Every structure is written in C-alpha cells, then in structure tokens.
Amino acid sequence: MATGTVTTFEASLDRLDVDWTHTTHDGLADVLREVSTEPAVGTPLPFDVSLPAWVNTEPTPDELETATTGITAAGLGIADYGSVVLPSTPEGTEPVSLFPDLHVAVLRTGDVVPGMAEAFDFLGEEFRDGTHSSAIIATGPSATADMGALVKGAHGPKDVHVVMLDE
Amino acid sequence: MSKSTSREAKAARIRYLLETEGDAVKANTKGFNQGRYDSVAKLESYEELRARAREIKADAIDRLPELLDRVEATVEANGGTVYFADDAADANRYVREVCRDKEAERVVKSKSMTSEEIEVNEFLEEDGVDVVETDLGEWVLQVADEAPSHIVAPAIHKSREGIAELFNETFQPEEKLETAEELTMFARERLLEEIKGADVGMTGANFITADTGTLALVTSEGNARKSAVVPDTHVAVAGVEKVVPSVESLQPFVELIGRSGTGQDITSYISLLTPPVESPVVDFDASDTPLASGENDRDFHLVLIDNGRMAMREDSELKETLYCIRCSACSNVCANFQSVGGHGFGGETYSGGIATGWEAGIEGLDTAAEFNDLCTGCSRCVDACPVNIDIPWINTVVRDRINRGTDHEFDWLVDGLTPDAEEGGLSLQKRFFGNFSTVATVGSALAPLSNWVAGTDLSRRLMESTIGVDARRDLPSFERETLVDWFAARGPRVSPTEAEREAVVYPDVYTNHAMVERGKAAVRALEALGVHVRVPDLPASGRAPLSQGMITTAEEKAHALYAALAEHIDAERDVVVIEPSDLAMFDREYGKFLAPRSQERLSDASYEVMEYVYGLLENGGDPKTLRAPGANDSGVAYHSHCQQRTLGLEGYTEAVLDRLGYDVATSEVECCGMAGSFGYKSEYYELSMDVGSELEAQFSTPETRERRVVASGTSCLEQLDSMLARPSQHPVELVAPERL
C-alpha cells in the first residue's frame, strides 16, 4: 500500500477527530490496554493475533450493554473519507462496534484503499462470492444534530479509535 | 371559497409558518446548503459522479421490471421474503400480517419517508401494536404529534428550547433537561429500552441492489443499525424505484448523498445489509446467554411499494421524479423553502422542490396544487440535485395540469388581454401574469394614462381582489416610447462596414416597455465597443406564460421567436439578451420546445449582455470607451439573478466591473424573493419580502450600505427598489457611456 494513501487516511481521521495508532502484532495488546477502558467486549480478530484476556469475546446482551469499549476488526480503511468497513459476523461485530461508548477498530495497514470506488469494487466481489454479505461503512462516531446542536453518541459510540497493524 | 378568500387564507397560513417555524427552518436549511457548497467543492470528481449517478438511475428506471424480478430472486435465494404492494393499504396489510404472525407487541422503526407515505404507524397502532420511532428527530415529532418538516431532518422546525420544554413536560425527568447533549442522552437511554423489548425492527432503504439483494441505509445516529439487527425480525419498506443494478453502482450515491443533503462528506453509517444478516440477534430476554451461542433464526421481509410509481414511470414528464434519491438538496437551496419549510412547501408526505413530482404521482394533482406555486422556477435546485433532475420543469408541467383541471371565474375580465393558447381552467391571476407581454404592449400604448389609472387606489384594490396583485407592490411603470421605437427613430451609430461584429439586442418585454433605459444603455455600450447593433421588434420569449404553467402558450412563443431570429443567426449576428430569465429559456426550456438543432443554434448564438461585453473586452475592445468609476466611487453592491447563476454567468458581470476599476461586493443569496410575478401575488407578498430580507440585510451592512446597487433581473431590481432607500440599476447602465 502506498504511503500516500495511509497518510491521507490519517489526515481524514484527524479531520473526523478520530484517534489513531500504529502498532505491530507484538505491540497490539499494549496499545489496546492504553486506549481502552474496562469493561471491554470484542470479537476475535482474523489477523493471526488474539485479543488480550481482559477483552470479553463472548459477551451476553447485558455485558454488551454495560461495556464501555468494543473492539472489532475492520476489513478495509477508506483513505479519502477516514471510514472503516466493518463486516457483519456471526460473532457480533455489528453490535460490539455499536453499543459501547468507545469503538476500537483494528485494521491491517495494508488494507487501506484510496477511495470509495476501490472499496465498492472490493465489496461487490465479496458480497457476490459470499465471503461476507453485509458490512457497515463507519465514518467517525455516531452523531445527531436533531436536538439543536451536534452531539456525538446518538445511538452508537461517542468515540472511535483506529489501530493500524503494520506488517 | 372565492379566489380572494382562498388567497387570504393562504397568506395567513404562510404568515403563521414564518412566525412560528421560519427562524429554525432558515438557520438549519441555510447551514445544510452552505455545507453542500463546501463539501462538493472539495470533491474533484463531483460532476463526474453526478453524471454517473444519473446514468445509473436512468438505466435502472428504464429496466425496472427486470431489476425487480432480479431482486425478488436474490432476496428469496438469501432466505428473505419479497412482497410487491400495489398501494399503501396493500403494504400495510402485509406488514400487519407479519406483526400478527410474530405476535409482535412493539415495532421499532428507523426513519423512512416511504413508511410515512403509507402511514404504517397509524395502521399498526390500530391493531394494538406499539410503534416507536428511534431516529431522534422522528421521535421528537412522535412525542409532539407533529408531521416532518423536512425529508432528511424531520424536526428542523423545532428549536432546542422547544424540544426541552416538550420533554420536560411529557416525561417529567428528575433533573430538567436543557442542553442538546442532555436531550440526546435522555432520548438515547429511553429508546434503548424500547429497542431492547422490540419484536420487529422496521427500516426503509435508500437503495437496494439487484445483484445481491443488499439494502443500503444512509444514517448517522446508529438507530437503523440497532433497529435492523437487535430484533430477530426485520421488515424493510421501500418504493420500487429504489432498486439499482449492483453493489458497485452504490458508489456514486454514497459519495453524493450526504454532501447533497446535510453537507457532510459522508454520514456516520452506510449500512450495507444483505438480510437475513449474519449478525447475532441481541435477545435481551436471554440476557445471560452469550450473543454468538444461540441459533441465529432471523426473518426478513422486503415490501416493495408501487403506490403510483409504475404509472409515473410511464409518464414521460413525471418519470425523472423516480431518479430522486431524497437527499433534500432541492429543499435546502430553495429560498422559499428556507422561509416556510416543509409544513408550507410540502404535501401529504414529501416536501421541497421535487415534492411536486412525488405528490402528483402518489397522491394526485389536488395535493400537489396546494404548494406547487411555491416553486418560482428560479432553478437553483437544478445544479444542487445530485442526479440533475430538471425540478422546475416538473413543477411547470404539474402547474399546467393543475391549470387545466380547475374552475375559472372572471375570465371575461382579462379575456381581451389574454391571447393565450390555453384550453381554460386557468386562474385569472395566472392568465394575467402569463400574458404579461400583451399587458405591457397595451400599457405602453396608453402610457402615461395607463400608469396613472393602474396606480389609483380603486384600481389597485380591484386588481388585488380579482387577480390578486398585491396593493403593497409598485407596478411596473410603462414608457410611452418603447426601446424598439426609440432605436428605429435613432438608428445605429456603428455601420456594418466598420463593425467588428453585428448583434441583435433582444427587446424583452420588460426592457422594451418598462425598463427602457437599460436597453438604451446596452445599445450604447455595445456600440462603444464597435458593434453594429439592431433592435428589431421581436416576439416575447414565453417566459411569462411558462412560469404560470401555460406550456402550450410558451411553446407557441418559442416557435415564433426562433422563426424571427433564425435569419439573424444565419447572418451570423449575435443575440444579446438583457433579461437573464429569457436567456435561461433559450438555454434550457427551449430544448423542450424547438427542434434540437434550432435550440442549439439559438443557444450558441445568445449571450447575456455583460457576458457579451466581457467577450468584447477580451477580444481587444477598448475599456476606456466605457464608464469607469469616479475618484471617490463608493463601490458597487451587485446582486446576480438566480437563473443567471444557474447558467454560471454571474462571474462575467463581476469581471467587467472589476476590469473597469469598480470595487464589487456580490450578494450571497439563492434568490431575491421576487422571482418574476411571484412577489406581486397577494398570497405570497409576505413570503417574498421575508426571502428578500436576507438580501436587504446583506446590502445594508457598514461594508455595503454606501455602495451603489446593481442587479441583473427585472424582478430583482423591483424587489431591491422596494426594500432599499437608494435606487438600483442594471450593471450595463453603470458602465455604458452616457451618450453616443
């Protein structure tokens, strides 16, 4: 992946007020420790690296509701927009990324694509071949202006942190 | 109800909305509109994406039956159920059956205009189901028992203070709610409890892909994600026009919809759901069982609703309405909408410019007739629309159909003045304004007597009660000597042999009969730059009848004017147009009336007068022959015309003035509020003045209040004259030499 694309992605995240961190497989646990608050829930990462033991990867609905951090993988990053693509999984990426006040998205640095066109080419193939059939393109935290001013955390997270796994 | 009583009722309704909702609506829509300008300016491929979006929609609507078959097959292969509903009642019955099968006690909904269209909430509530809106704006309206005032941000007419009062009264919280943050968190917690106990989740769909059966939901709050995924049953309702061919075809829409609507580059969440989704049901009744361990037994129903859409597809004039992606750009950019919002500028469900098409197709002409007049044809929405729908044209067509369907009284009063080709049914007011070229011709012939008679109290009161011309407006004052007569007597000052170019100055109705000075100034400016000018007697453009929805009359005028100009064009004479709304006719609406080659030739040969002056200066014309500002010039405050801006021509006036040494401040409003005949009509006078107040304010600041006022359009000049103490003029009058 071109460095330019990752730099653009970082700039987009800055614009959205979304924090980001680079790390390696070995450093992931420490980074997660640093950015998360407990109780934390998560879904298993498909990147040959496990989530630390303090992350509950088999949450019940009650645990989901009381968790303050949700940690999930992201399939893609979209540089122009600072979006992360969250595939829907049977383990619950959708609710885990949605209910807690902080969503931590773990993304391979190499999976950042330049723009929406590349993202949709990827998703079209993935949806048709059945690898995943649903996904959320999430850009920054949940937000609303319906109550007279912009407020973060309408029904979803108030904050998002993107952790990029460098290979 | 008599015409004048119904005009008074309409004026009263508008006055009420201006007072109660106007401020909140204006602040919000103007914010969205500015956000759109900022956001699309950053997108390099904006025009390319618009073109692709339009192409995808046009293709999808063309082969809609085939795509609907495909969607049905893919959704059912995925394990969902598709139901095609003929109309609202059919759709509601099906949704009720699903709820009964599930023994559903509560349905949670995310925002969906289609569900508003079929009024499914009321229908289910009658069946004993508790229906809860989870979009915060929709929920506020549900609590307040009010209708949406905007298709994207339904509660923009309510202020934070108003919502706080509503919540504090209704829910009596221990601590009074005050800030937006407190109100949002209160709503979030309350609605989570509702979602936790819901049996069915209902959503709409912004798009549905035929290749995979994927729903695209464009949201920012996250409530659609919760509504669709927490309960085990998901019902999506969508109009049949929402189908696009493939996942890839979503891309331009995803990049355009947020920017066009609320001015966000993208909304927080684009949910791409191919139900039944793999995400586990979040069953709060089994709150101790891990999410992923249970059976994921999901049920999905897609209700595709016709409700008039397939007939719209067969209607060549309404068909483009189906390209609409409900982004709200046409509402936010509309000066009238900014003042009254969707409660004034809307029908049963839809509001804003494109609502005329939707309401005419879904509810019928009666509903569309209630607000269709609020489209002034200013055309600012055309550039704003991400799929480039000719929204003013749809409004004009519907106006024409409404005209033909209504009763007419007092026709005898203006019959002698109305040589139109309309079959009847047209209101007297529309016939008067639509035949303004005849009114003006008679007015000039009888001037100054006609001005004196028209100006008396008695005739003004009569005009108000019969044809609804507001008595608070000054009427155009007709000149005895028309521009054509003046020029015929004076003759050209540059002979064809010594001229670089030859041009016809088009004597539009206003310039020829009322604003004759600006016509003379145009002639002098062109001659000063070495142009051989002609001012032949030419037919009216058809703009006046067109704006009243008198399409047949407008088309006849178009043919006559083209016929009269064709030889001039053949002789390679340029056509110079002073009135921007007439030039806009040549460039846009004549495409509907003339043979394509004819329209193209006329459009190519025509120039706005300041655009033409700019071209002459660029090609070696001597700026010293024009009038430069004096030593202590206070500068110029310039207001461009709405249609001129849509054509991208306002920059030429600025450039010419700048080159001659004038200091120019340009207004930043979509429209002055006058919009041709609109501001003259008694029922719209106050709205017109409310829209105009923004321009008045911009030209009354310490920075602008000493500047001389120039404006391009006749009605803009009328409006400025009515609002400002200092006079206004056309920019060509400012720069033309005083005599030649």
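Every heavy atom of this structure was used, including side-chain atoms; hydrogens, water molecules and symmetry mates were not. Residue numbers begin at 1 in each chain, while the letters A, B, ... track the order of the sequences. As the structure is a computational prediction, the values presented were derived from the model and not from experiment.
- Heavy atoms closer than 4.5 Å to chain B are found in the side chain of Leu64(A), but not in its backbone.
- Between Tyr81(A) and Phe9(A), the distance separating the two ring centers is not shorter than 6.0 angstrom.
- With a 4.5 Å cut-off on non-hydrogen atoms, Pro95(A) touches chain B through its side chain but not through its backbone.
- Other residues, nucleotides and ligands contribute at most 12 non-hydrogen atoms within 6.0 Å of the CD atom of Glu58(A).
- Contact of Asp283(B) with chain A is made through the backbone alone, with heavy-atom distances under 4.5 Å.
- Contact tally against chain B (heavy-atom pairs below 4.5 Å) for Val151(A), Asp121(A), Leu150(A): the top residue is Val151(A).
- Contact of Phe99(A) with chain B is made through backbone and side chain together, with heavy-atom distances under 4.5 Å.
- For a residue to count as touching a neighbouring chain, one of its non-hydrogen atoms must lie under 4.5 Å from one of that chain's; by this rule Thr212(B) touches chain A with the side chain only.
- Using a 4.5 Å cut-off between heavy atoms, Glu125(A) touches chain B through its backbone atoms (N, CA, C, O) alone.
- The choice from Gly115(A), Gly156(A), Ala149(A) that makes the most heavy-atom pairs within less than 4.5 Å of chain B is Gly156(A).
- Only the side chain of Leu192(B) has a heavy atom closer than 4.5 Å to any heavy atom of chain A.
- For Thr21(A) and Thr23(A), the side-chain atoms include no donor-acceptor pair closer than 3.5 Å.
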Checking ring pair (Phe, Tyr, Trp, His ring centres under 6.0 Å) for the pair Phe47(A)/His25(A): CA distance, chi angles, key distance, verdict?
-> CA-CA 9 Å; Phe47(A) 307 137; His25(A) 282 59; 7.8 Å; no
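- The contact between Thr89(A) and chain B is made entirely by backbone atoms, counting heavy-atom distances below 4.5 Å.
- For chain B, the nearby part of Pro141(A) is the backbone; its heavy atoms alone come within less than 4.5 Å.
- Looking at Ser293(B), neither its backbone nor its side chain comes within 4.5 Å of chain A, counting heavy atoms on both sides.
- The nearest pair of heavy atoms linking Met147(A) to Ala180(B) is O-CB, 3.5 Å.
- When the candidates Ser246(B), Ser279(B), Gly137(B), Gly222(B) are compared by the number of heavy-atom contacts under 4.5 Å with chain A, Ser279(B) comes out ahead.
- One side chain, Arg225(B) or Ser97(A), offers a donor N or O that lies under 3.5 Å from an acceptor on the other.
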